[in-house]
**Student:** 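Dumping the structure here so I can ask a few things about it.
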Number of protein chains: 4
Amino acid sequence: MNPETTSIPLVPTLDSIVARSTPDHAFATKWAADVLRTAMTEGALDPGTKLSEAALAQQLGISRNTLRQAFTALESEHLMTRVPNRGVFVATPGKKQIHELFTLRLALESGAIDLISAGEKPILRRIIEQSKVHRASGSVSGMAGANQDFHRELVRLSGSERLNTLMVSALAEMRLLFHSMVAVPDFHSPFVEKNEHLMHLLEAGDKYEAHVYLRDYLASSAAYFADRV
Amino acid sequence: MNPETTSIPLVPTLDSIVARSTPDHAFATKWAADVLRTAMTEGALDPGTKLSEAALAQQLGISRNTLRQAFTALESEHLMTRVPNRGVFVATPGKKQIHELFTLRLALESGAIDLISAGEKPILRRIIEQSKVHRASGSVSGMAGANQDFHRELVRLSGSERLNTLMVSALAEMRLLFHSMVAVPDFHSPFVEKNEHLMHLLEAGDKYEAHVYLRDYLASSAAYFADRV
Amino acid sequence: MNPETTSIPLVPTLDSIVARSTPDHAFATKWAADVLRTAMTEGALDPGTKLSEAALAQQLGISRNTLRQAFTALESEHLMTRVPNRGVFVATPGKKQIHELFTLRLALESGAIDLISAGEKPILRRIIEQSKVHRASGSVSGMAGANQDFHRELVRLSGSERLNTLMVSALAEMRLLFHSMVAVPDFHSPFVEKNEHLMHLLEAGDKYEAHVYLRDYLASSAAYFADRV
Amino acid sequence: MNPETTSIPLVPTLDSIVARSTPDHAFATKWAADVLRTAMTEGALDPGTKLSEAALAQQLGISRNTLRQAFTALESEHLMTRVPNRGVFVATPGKKQIHELFTLRLALESGAIDLISAGEKPILRRIIEQSKVHRASGSVSGMAGANQDFHRELVRLSGSERLNTLMVSALAEMRLLFHSMVAVPDFHSPFVEKNEHLMHLLEAGDKYEAHVYLRDYLASSAAYFADRV
DNA sequence: GTGGTCTAGACCACC
DNA sequence: GTGGTCTAGACCACG
């Protein structure tokens, strides 16, 4: 069965995600956070879902304390929302969170642009090519993935560990955003060209134009999401 | 007696910092992190100092586990360095960390500049005035504090919670940096003019110039620190 | 426009008091008690007002159980009156409550005088000065606040935690008293001199005279309130 | 068997105290507080003892929540000490607590003296007579009880409910103090004369002398306890 | 009843 | 021996 025959792939269950990972209790905290992060960004956990500590700890086969440490990590990534004495919930991105997220992305990506020297960027070129292949084959998830790859690599090219760390977290949040709304098949298509244009500006060393272009690009993207929340 | 020996007070001991806070075991983790953060930024703990878990836990009157959570928080703020199976050390900012820190600051402050509208900024003006008072009275710590205030408020003016949170953490790291090197009395003096110039660019709405000016400003500052490490 | 309409600001609403505090439900009981205490002492809740548990719990965004705990605290401070099976009411100080309150104040302040050593009391001097400024500017609330400050600090100077705790609570009740009757602009004026005289007796170490003076002072004050209830 | 044959009477057990009260669960909180207060002041619970919530709730046949409310009341009476996240302990009076307690007693009893009119005080006379009987029969606990009665009635004579309420609580704390140290058989003997002298001063309306005498009286008593802690 | 915090203690791995 | 991780269990606080 071709997974692409449906543009909205069937979401996996939390149990299946647990099953396909190795419950090696040596690093249970990191493992639990990974499982939950995957579950969230793959749509196995709907935004707003309440996560019961006791039940989930038992389901994952870890102690409540360990699970709470995982929650702490996920909360700092804005993937979960903690309401004191009420519980932990899968984040439901609102207009404010979207605005904050894109503000951070703009700062990070602009900061990266500042640091990137002119010249050919093979890795970006490869990702653009990849995008075009996915677009041709109609793979929405492929395009989405390539788009994320592009922006991740853009920041990684800056050589700054901190910017990169923050960007990786921001992109995980983006994935949550994708799953929190109805998928629109051609949403990612225009990004192929936008990314390509941005790449050209970068290679040409035209930082000012790249910055301005990125700002408008992200602003329109943010507006798109904000309108659908 | 050298006036600088009084304007730079003798560093407090860790015990004195513990004593002047209330060791109310209701929020021991946060309390311990605060105590250690204060100790570090006040110079009670020299960079590179190894912190023994067992000894420190007993000194603070908390359990090892709680202390470790405080370490985790401080490590994420780059105030401490964890070496697996070796221990936790007060961070010794090296050239790389300084570079990373200023890279992040540039991204955050530039991102903030993008969001700040033109027009008078009373809070920045007040801080600038404050700086001048401190400079006139020869208060090095006063100038340093006002400089931090200026950049903190600059980012706060953006209205972005995330940029602000990251900036607050970055400035705590800056304080560690100050204490990790010999104080140079007139180090902060030129910042008064630089900040004032930056403020004028902001108020005029000249974002591009502000960005360029900030970049050079931070670059020279980073170089200053990197040369003294 | 009557200057007193401005120097006595319009009483805030309960909602506005709720809004300006951070409803961080981590310590909802304490928070609710604080909000209600503030509302009462600022006049947002008139004496005698019945407080509906259900409605108030919803308005504050907390559960009824939590609200009841706050009521318990406020009742022990004599700021609220509980009538079994009838409900909770904002205390309506009567002659007896006024008499009891001033009896307690006399005991506490006399007890404090016993413990205070002779010698200059800078903090009291500062408060007296403050009173005079407020009197000159015609600020009734300023004078009232300074008067409270004077007596609070008088007890604090004793160094006894228990006397201090009881005094703080008694002064909160005093504020309720102020708001339960029509404001008389020049009510607080004579207190400036009385407090100053008391301070001089204290500084001179004349405890007996101070005690006698305080007794008459509080008796006349109590009579004033009792006559207007 | 004459209970007075031993100057240190056998302490009752908590269970026996529970048994002799009526477990009327209409006011379980108050009942539980009474049981615990009695247990503490009769020596059934040694100072420093940790009170386990779960175990004690079951032993008393009440819910943990109810028990916690009782703890709250007892803590406010300084009979128990709460260490956040550690538990509740029977208070272990230290020098500071003793000093605070006697400071409060002085304030309350002096405040009462201020309010008491001259003239014969039959109730005090009766208590003094009672003391003498106990002293003659060598009943230490009888003397102790009569001493407490004398001071309680002294404050009650003031007619102030608040002073009385605070005094009752202070005397309960005094009983805890008696049980926290080795009994000294003739400790209470001199109080018979002291109380009698104080009574005479009161009846003569000599408030100033009564106040001075009381102050020295309580100071020596406080010193006695403080030295034995 | 559930979440929030801390403590104690176990086990393993590295030095 | 010291750090790294997890578990168990207690108390704290809101619902």
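Each chain gets a letter, A, B and so on, in the order its sequence line appears, and its residues count up from 1.
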**Student:** Tell me, what's DNA chain F's dot-bracket, Watson-Crick or G-U with both distances under 3.5 Å, | for other-strand, [ ] crossing?
**Tutor:** ||||||||||||||.
**Student:** Go through the structure and list residues passing side chain to side chain donor-acceptor pair (under 3.5 Å) with D:Thr66, not counting sequence neighbours.
**Tutor:**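 For D:Thr66, the residues satisfying side chain to side chain donor-acceptor pair (under 3.5 Å) (neighbours in sequence not counted) are D:Ser63.
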**Student:** Would the distance check show the side chain of A:Gln97 and the main-chain N or O of A:Ala91 forming a donor-acceptor pair, the cut-off being under 3.5 Å?
**Tutor:**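 The answer is no, because no donor-acceptor pair under 3.5 Å joins these two groups.
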**Student:** Respond yes when some side-chain nitrogen or oxygen of A:Thr66 is under 4.0 Å from OP1 or OP2 of F:dT5, and no when none is.
**Tutor:**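 Indeed not, no polar side-chain atom of A:Thr66 lies that close.
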**Student:** What do you reckon, is NZ of A:Lys95 surrounded by more than 12 foreign heavy atoms closer than 6.0 Å?
**Tutor:**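 More than 12 heavy atoms, drawn from other residues, nucleotides or ligands, come within 6.0 Å of this atom.
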**Student:** Of all heavy-atom pairs between A:Gly87 and A:Lys50, which one has the smallest distance, and what is that distance?
**Tutor:**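 Minimum heavy-atom contact is CA-CE, 4.2 Å.
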**Student:** In Å and rounded to the nearest 0.5 Å, what is the CD to CD distance from C:Gln69 to D:Gln69?
**Tutor:**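 C:Gln69 atom CD to D:Gln69 atom CD measures 6.0 Å (nearest 0.5 Å).
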**Student:** I'd like to know if the side chain of B:Thr92 and the backbone of B:Gly48 have a donor-acceptor N/O pair within less than 3.5 Å.
**Tutor:**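 Present.
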**Student:** Can you check whether D:Leu67's main-chain N or O pairs, donor with acceptor, with D:Glu53's side chain at less than 3.5 Å?
**Tutor:**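 Between the backbone of D:Leu67 and the side chain of D:Glu53 there is no qualifying donor-acceptor contact (under 3.5 Å).
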**Student:** Heavy atoms from C-beta onward define the side chain here; which of F:dG15, F:dG3, F:dT5 lies closest to that of B:Ser52?
**Tutor:**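 Within the option list, the nearest is F:dG3.
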**Student:** Whole angstroms only, please: what is the CG-C1' distance between A:Leu51 and E:dG3?
**Tutor:**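 To the nearest whole Å, that distance equals 13 Å.
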**Student:** Look at A:Lys50 and E:dT2 and indicate whether a side-chain polar atom (N or O) is within less than 4.0 Å of OP1 or OP2.
**Tutor:**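 Checking A:Lys50 against E:dT2: no side-chain N or O falls below 4.0 Å of OP1 or OP2.
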**Student:** I need the minimum non-hydrogen distance between B:Leu60 and B:Ala32, along with the two atoms involved.
**Tutor:**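 Heavy atoms of B:Leu60 and B:Ala32 come nearest at CD1-CB, 4.2 Å.
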**Student:** Remember a base hit wins even if backbone is also touched, and classify B:Lys30 as base, sugar-phosphate or nothing at under 4.0 Å, heavy atoms.
**Tutor:**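 Nothing, no heavy atom under 4.0 Å.
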**Student:** Which nucleotides of nucleotides 8-15 of chain E have their base under 4.0 Å from a protein heavy atom (B), which only their sugar-phosphate (S), and which neither (-), written as one string 5' to 3'?
**Tutor:** BBB---S-
**Student:** Provide, to the nearest angstrom, the distance between the CZ atom belonging to A:Arg68 and the C1' atom belonging to E:dC6.
**Tutor:**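 The answer, rounded to whole Å, is 11 Å.
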**Student:** Return the value, rounded to whole Å, for the distance between atom CD of A:Glu53 and atom C1' of F:dT7.
**Tutor:**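 Spelled out: CD on A:Glu53 to C1' on F:dT7 is 15 Å.
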**Student:** Using whole Å, report how far CG of A:Leu67 lies from P of E:dT2.
**Tutor:**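 Between P of E:dT2 and CG of A:Leu67: 15 Å.
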**Student:** In whole angstrom, give the distance that lies between atom CZ of D:Phe89 and atom P of E:dT7.
**Tutor:**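 About 12 Å, once rounded to whole Å.
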**Student:** Can you see which heavy atom on A:Arg37 is nearest to which on A:Leu74, and at what distance?
**Tutor:**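 Looks like NH1-CD2, 3.8 Å.
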**Student:** To the nearest Å, how far apart are A:Phe71 CZ and E:dT2 C1'?
**Tutor:**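 Between C1' of E:dT2 and CZ of A:Phe71: 12 Å.
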**Student:** Between E:dT7 atom P and B:Phe27 atom CZ, what is the distance in whole Å?
**Tutor:**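 Atom-to-atom, B:Phe27 to E:dT7, this comes out as 13 Å.
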**Student:** Using whole Å, report how far CD of B:Gln69 lies from C1' of F:dT5.
**Tutor:**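 After rounding, the reported distance stands at 13 Å.
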